[in-house]
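Before any comments, here is the structure.
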Amino acid sequence: MNPPRTDARRHHDPDVRGFASDNYAGVHPEVLAALAVANGGHQVAYGEDAYTENLQQVIRSHFGPTAEAFPVFNGTGANVVALQAVTDRWGAVICAESAHINVDEGGAPERVGGIKLLTVPTPDGKLTPELIDRQAYGWDDEHRAMPQVVSIAQTTELGTVYTPDEIRAICEHAHAHGMKVHVDGSRLANAAATLDVPLRTFTNAVGVDLLSLGGTKNGALFGEAVVVLNPDGIRHLKHLRKLSMQLASKMRFVSVQLEALLARDLWLRSARHANEMAQRLAEGVRAVHGVEILYPVQANAVFARLPHDVSERLQKRFRFYFWDEAAGDVRWMCAFDTTEDDVDMFVAALKEEMAR
Ligand SMILES: Cc1ncc(COP(=O)(O)O)c(C=O)c1O
């Protein structure tokens, strides 16, 4: 059959990449191919399709027999749906001040989910039992929102990675206080690549109750899933997903993407590559006098401090964001499609601009 005719025209240069975000990347070709495979014919809508059914097996192969996936459109939606399922109307979620749910979701957990966030400043994006205790109190105090969940991000928003033992300590502490543990895993694959362990080793094996599992940053077109690991006390997820406008009618196309990533090793290949490019970038940057790397580079992000004017000139050549403009802090992200040449050209440009 001839390929279908289309009037679509390309409006960008497919060979230009920057360091702004792993969300700037396109779709991994293997995911795009899987979407084409799932196309054609009719399948039951709203998750009763063959792809979503198969995804459950794939998810159980990673996270064990009690795991269940609820595919959603995006990461904010996954977090809002997941957190609602473990909080009462009077409940609160303890999270790092830098957490995506706190600073980058437009207030959706509060406004859409109706959830109070209790935030804690952290040196590196990571909570600890001691830091959690700054907000974990007052369960009987009706004047205070009741802490019911601890939410951590793996990897964190600052590109750091919790060890399995660190997550275990958080889970034990949270559970001892009757709180659930949620992981925002929009970059869970990157954490697994760094730790070099299966996904379950730092999630259900150490006590995590539910997570938001990322697909988009790992090479999907769009699509994430809430994954319930321990169903005890997790309520009405199906209904909350619909109510929160995260129930895809053509769900097969979300599920097949997650399946394409997770059924074999695409998730790990993509994440490993992105992480390796961040290591290469960090190495190059460390050799440039006057540029400070701010946090341990443990996944696919490099945070750095450099003179403001240098960043502004560099931004004319490569896309990236200021993280804290006043301090001169920037974030450089690598993706599954970042190449060694991209990194080397960027480091060379940084050197040039620093020398001007
Ligand atoms: C830590 C974290 N959580 C969740 C998300 C997902 O957000 P979105 O709603 O844009 O898919 C992101 C995206 O940048 C993120 O960095």
Side-chain angles (χ1 to χ4, degrees), residues 18-27 31 70-84 93-113 115 117 119-120 122 124-127 149-162 167 181-194 202-203 208 210-227 241 244-248 254 257-258 261 270-271 274-275 278 295 298-303 319-323 330-336:
F19 294 86
S21 171
D22 34 10
N23 286 331
Y24 275 43
V27 185
V31 174
F70 296 81
V72 294
F73 289 114
N74 59 31
T76 301
N79 288 337
V80 170
V81 171
L83 294 175
Q84 286 179 91
V93 174
I94 298 175
C95 64
E97 198 170 58
S98 55
H100 200 264
I101 54 174
N102 185 43
V103 291
D104 271 317
E105 298 190 352
E110 290 99 333
R111 298 177 68 106
V112 179
I115 295 158
L117 298 179
T119 63
V120 187
T122 66
D124 56 1
K126 285 162 114 180
L127 286 176
V149 186
V150 173
S151 179
I152 61 171
Q154 174 78 319
T155 68
T156 72
E157 292 72 8
L158 302 180
T160 50
V161 171
Y162 289 92
I167 298 182
V181 176
H182 164 256
V183 170
D184 176 347
S186 89
R187 298 188 183 88
L188 205 73
N190 300 84
T194 300
F202 57 97
T203 54
V208 173
L210 78 171
L211 55 95
S212 305
L213 177 63
T216 314
K217 295 165 174 55
N218 199 213
L221 169 59
F222 66 90
E224 325 264 306
V226 177
V227 180
R241 178 175 56 178
S244 309
M245 295 165 280
Q246 287 288 324
L247 179 64
V254 182
Q257 294 181 69
L258 296 171
L261 288 169
S270 289
N275 290 2
Y295 306 108
Q298 294 175 335
N300 62 329
V302 178
F303 288 80
R319 292 292 296 256
F320 65 88
Y321 288 109
F322 276 103
W323 191 252
V330 298
R331 184 188 75 164
W332 297 321
M333 297 294 298
C334 297
F336 71 86

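Order of listing sets the numbers, starting from 1, for every ligand and every atom in it.
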Of all the non-hydrogen atoms in the protein, which one sits nearest to atom 15 (C) of ligand 1, and at what distance? H100 CD2, 3.2 Å
Does E224 reach ligand 1 with a nitrogen or oxygen that is under 3.5 Å from one of the ligand's nitrogen or oxygen atoms? no
Specify the protein heavy atom at minimum distance from atom 13 (C) of ligand 1: its residue, its atom name, and the distance to 0.1 Å. K217 NZ, 2.5 Å
Side-chain touch L117/I101, heavy atoms, less than 4.5 angstrom: yes
May I ask you to check if ligand 1 and A153 share an N or O to N or O distance below 3.5 Å? no
Counting only heavy atoms, which portion of N23 has something under 4.0 Å from ligand 1: side chain, backbone, both, or neither? side chain
Kindly indicate, with the supporting measurements, whether the criterion side chain to side chain donor-acceptor pair (under 3.5 Å) is fulfilled by S186 and H100. CA-CA 10 Å; S186 89; H100 200 264; over 6 Å; no
Could you say whether the N/O atoms of T155 and ligand 1 ever approach to under 3.5 Å? no
Contacting atoms of ligand 1, where contact means under 4.0 angstrom from a heavy atom of R187: 16 (O)
Of T119, L83, N102, the residue whose pairing with V93 passes side chain to side chain contact (heavy atoms under 4.5 Å, CB included): L83
At what distance is the nearest protein heavy atom to atom 11 (O) of ligand 1, and which residue and atom is it? G75 N, 2.8 Å
Using heavy-atom distances only, which candidate in V80, T76, N74, D184 approaches atom 9 (O) of ligand 1 most closely? T76
Are the side chain of Y162 and the backbone of L127 linked by a donor-acceptor contact shorter than 3.5 Å? yes
Using a 4.0 Å cut-off to any heavy atom of E157, which atoms of ligand 1 qualify? 1 (C)
As a quick check of understanding, evaluate side chain to side chain donor-acceptor pair (under 3.5 Å) for N79 and E105, giving each step before the final call. CA-CA 9 Å; N79 288 337; E105 298 190 352; 2.9 Å; yes
Say whether Q298 and T155, considering side chains only, have a donor N or O and an acceptor N or O under 3.5 Å apart. no
Looking at F73, is its backbone amide N or carbonyl O close enough to the side chain of Q246 to form a donor-acceptor pair, meaning the two atoms are under 3.5 Å apart? yes
